[in-house]
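Down below is the structure, laid out as structure tokens.
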Amino acid sequence: MAAQWEDVLREEALVREAALLAVDTALLAGVLMRTAEEPNASEVVNYAPFTLLPSAVPNALFEQAYAVQQDFNLLVDAISQNKEFLERTLASTIKVDDFTARLFRIYTQVLEEGLAQSVFLGINRSDYMFDCGADGTQALKQIEINTIAASFGGLTSRTPDVHRQVLKMLGKAEEASRLLPNNPSQGLALGIAKAWELYGSQSAVVMFLVEDVQRNIFDQRCIENELWSRNIRVIRKRFRDVFEKGSLDDARRLYIDGQEVAVVYYREGYVPQNYDPQNWEARLLLERSRAAKCPDIATQLAGTKKVQQELTRPGILETLLPGRAASVARIRATFTGLYSLDLGEEGDKVAARAIAAPDNFVLKPQREGGGNNLYGEELRHVLEKIKDSPERTSYILMDKIKPQPSKNYLLRSHSPLKVSECISELGIFGVYVRQGKEMVMNESAGHLLRTKAIEHADGGVAAGVAVLDTPFLV
Ligand code: ADP
Ligand code: MG
């Protein structure tokens with residue numbers, strides 16, 4: 001297959017002109033981010049980084065990713081309700097990983113008290129790469145599923161318009177007309193609105209729990225504005241605000257500043273740096289409350305790398321999703337090799353294999369947000385150091401997925417315009433709402449394509465490595 005956009009990529013003057021148009025169009029469309037210098041003010045803003053050209057994505061794999069999303073929603077929800085599975089799976093991890101252990105402690109504490117919450121809202125994003133086999137065939141392989149603070153559903157709702165414009169300018173009107181519309185912010189807001197409605201208090205608000213540093217606020221505003229347009233009130237608070245002003249009444253209704261909160265939507269709380277002792281207390285207060293948390297602590301734990309690894313063991317999916325053979329098959333088809341590094345013979349063998357061929361694997365700690373995984377020589381070095389210590393069990397090992405690179409321009413402010421060899425990661429947003437035992441919503445809610453230069457093994461858009469993209473289905 002000829003590389004996509006080959007003819008265009010050769011024409012340097014045209015590319016330069018297209019890049020100027022692309023940036024202005026992105027600014028007009030609202031593909032925005034605050035600056036690193038002023039992350040908490042919107043006086044001066046910039047465009048979020050994006051590709052000049054939409055990247056080719058195999059149609060069949062794109063459809064496969066959509067087709068399995070409702071299955072993943074069911075799976076995450078089932079894990080979140082399975083105490084025995086979470087306990088058993090995370091037992092070794094929480095002995096050595098303090099962050100997971102603290103989350104787990106809150107989880108147990110909340111269960112012991114008994115859940116006040118009866119409406120459950122899940123928003124996740126399942127991420128994939130297209131693994132290229134020796135014979136050139138591509139396969140959809142899951143990188144991970146994010147069950148907390150999955151971002152860029154807002155900004156990516158605006159990138160198709162930008163890429164459509166760029167393609168037209170480059171004389172590719174027919175290709176432009178084939179770019180799919182995409183609106184995760186609307187789909188995610190529909191889920192939040194449903195949870196708010198089922199909570200059943202007209203005067204209650206939706207609370208976005210946000211970080212101290214808020215560069216990516218426009219992404220969140222896209223969802224916020226969808227809620228305002230449905231006449232649902234949104235407030236933005238930090239853990240510190242909850243600690244200082246949050247309280248529960250006798251029925252464990254959550255109040256902050258005198259306002260009752262129906263839904264807590266976390267865009268924070270997924271890395272250890274988000275927490276100090278007061279923030280942990282605030283988290284506990286939120287989890288004990290009647291408000292629908294997105295996600296509740298059990299669902300956050302369901303998204304750990306350790307759980308992901310455990311799911312690949314024979315028979316596990318079948319026990320988590322009994323009577324759903326078709327779902328199990330669709331889910332399993334997206335798995336690549338994942339291996340436990342728990343102490344013992346199995347873990348020893350796995351560690352030795354990785355040390356012998358580090359370029360075939362990725363070593364992952366229980367962390368989110370990009371930039372934490374280890375590759376190549378660094379992987380070998382770290383694994384050699386910890387191979388006989390319990391610290392090993394805080395990691396999992398994964399087969400490295402090897403996509404076919406393609407050429408593109410990554411547009412980022414104050415960066416020179418140059419062509420890069422790139423690989424892409426496709427994410428599908430999922431949203432579901434459960435009331436008691438009954439699923440009342442289970443949907444896919446749009447997609448996110450992120451692209452990065454191949455010299456970076458790791459890292460997302462927020463980490464400054466990947467950029468926003470739009471799939472061009474081939
Ligand atoms: P995080 O929770 O930090 O986002 P991920 O598992 O998504 O962790 O990994 C971060 C990045 O590392 C991914 O976006 C991808 O670029 C790269 N990566 C992760 N796992 C693999 C893998 N198995 N093969 C190739 N690249 C991977
Ligand atoms: Mg990731």
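Numbering of ligands and ligand atoms starts at 1, following listing order. Owing to the predicted nature of the structure, the values given are computational and were not obtained by experimental measurement.
Ring-plane geometry between H163 and F50 is classed as perpendicular, the angle between the planes exceeding 60 degrees on a 0 to 90 degree scale with a lower cut at 30.
When only interatomic distances are considered, the shortest N/O to N/O separation between N146 and ligand 1 does not fall below 3.5 Å. Where the criterion is an N or O separation shorter than 3.5 Å, residue side chain and backbone included, K400 fails it with respect to ligand 1. Residue I143 places no N or O, backbone or side chain, under 3.5 Å from any N or O of ligand 1. Geometrically, ligand 1 and Y375 share a nitrogen or oxygen pair separated by less than 3.5 Å.
If you look at K364 next to ligand 1, the close heavy atoms, those under 4.0 Å, all belong to the side chain. Here E368 has heavy atoms under 4.0 Å from ligand 1 in both its backbone and its side chain. For R450, no heavy-atom contact with ligand 1 is shorter than 4.0 Å. Under 4.0 Å from ligand 1, the heavy atoms of R367 that appear belong solely to its backbone. Contacts between D399 and ligand 1 below 4.0 angstrom, taking non-hydrogen atoms only, involve the backbone exclusively.
In this structure, a donor-acceptor pair under 3.5 Å is absent between the side chains of R450 and S424. One side chain, S327 or D71, offers a donor N or O that lies under 3.5 Å from an acceptor on the other. Between the side chains of E346 and S340, no donor-acceptor pair is found at a separation under 3.5 Å. Judged by distance alone, the side chains of N124 and Q69 do bring a donor and an acceptor atom under 3.5 Å apart.
Of all protein heavy atoms, the one closest to atom 24 (N) of ligand 1 is I401 N, 2.8 Å. For atom 4 (O) of ligand 1, the closest heavy atom belonging to the protein is E144 OE2, 3.0 Å. Scanning all protein heavy atoms for the shortest distance to atom 14 (O) of ligand 1 gives E425 OE1, 2.5 Å. What sits closest to atom 2 (O) of ligand 1 on the protein, heavy atoms only, is K305 NZ, 2.7 Å. Among all protein heavy atoms, the one lying closest to atom 22 (C) of ligand 1 is V362 CG2, 3.5 Å.
Residue contact annotation: N373 has a non-hydrogen atom under 4.0 Å from ligand 1. Remark: distances from the non-hydrogen atoms of H456 to ligand 1 are all 4.0 Å or more.
With ligand atoms numbered from 1 in the order given, ligand 1 contributes 23 (N) to contacts under 4.0 Å with heavy atoms of M398. Counting the atoms of ligand 1 from 1 in the order shown, those under 4.0 Å from a heavy atom of D458 are 10 (C), 11 (C), 12 (O). Interface atoms of ligand 1 facing K452, defined by a heavy-atom separation under 4.0 Å, are 15 (C), 16 (O). Every atom of ligand 1 is numbered from 1 in the order shown, and the set under 4.0 Å from a heavy atom of M129 is 15 (C), 16 (O).
In summary, R392 and D348 engage in a salt bridge, as defined by a charged side-chain N under 4.0 Å from a carboxylate O. Salt-bridge formation is not detected for the pair E175/R178: no Lys NZ or Arg NE/NH1/NH2 atom is positioned less than 4.0 Å from an Asp or Glu carboxylate oxygen.
Within E144, the N, O or S atom at minimum distance from the Mg ion (ligand 2) carries the name OE2.
In this comparison of G370, G337, A457, the heavy atom closest to atom 3 (O) of ligand 1 sits on G370.
At least one test fails for R380 against the ring of Y375: distance under 6.0 Å to the centre or angle within 45° of the axis. Annotation: cation-pi geometry satisfied between R434 and F120 (NZ/CZ under 6.0 angstrom from ring centroid, within 45° of ring axis).
The neighbour count for E455 CD, taken as heavy atoms of other residues, nucleotides or ligands under 6.0 Å away, is above 12.
The aromatic ring centres of W280 and F239 sit 6.0 Å or more apart. Side-chain rings of H447 and F62 approach one another, their centers coming within less than 6.0 Å.
The ring pair (Phe, Tyr, Trp, His ring centres under 6.0 Å) test applied to Y266 returns no partner, not counting sequence neighbours.
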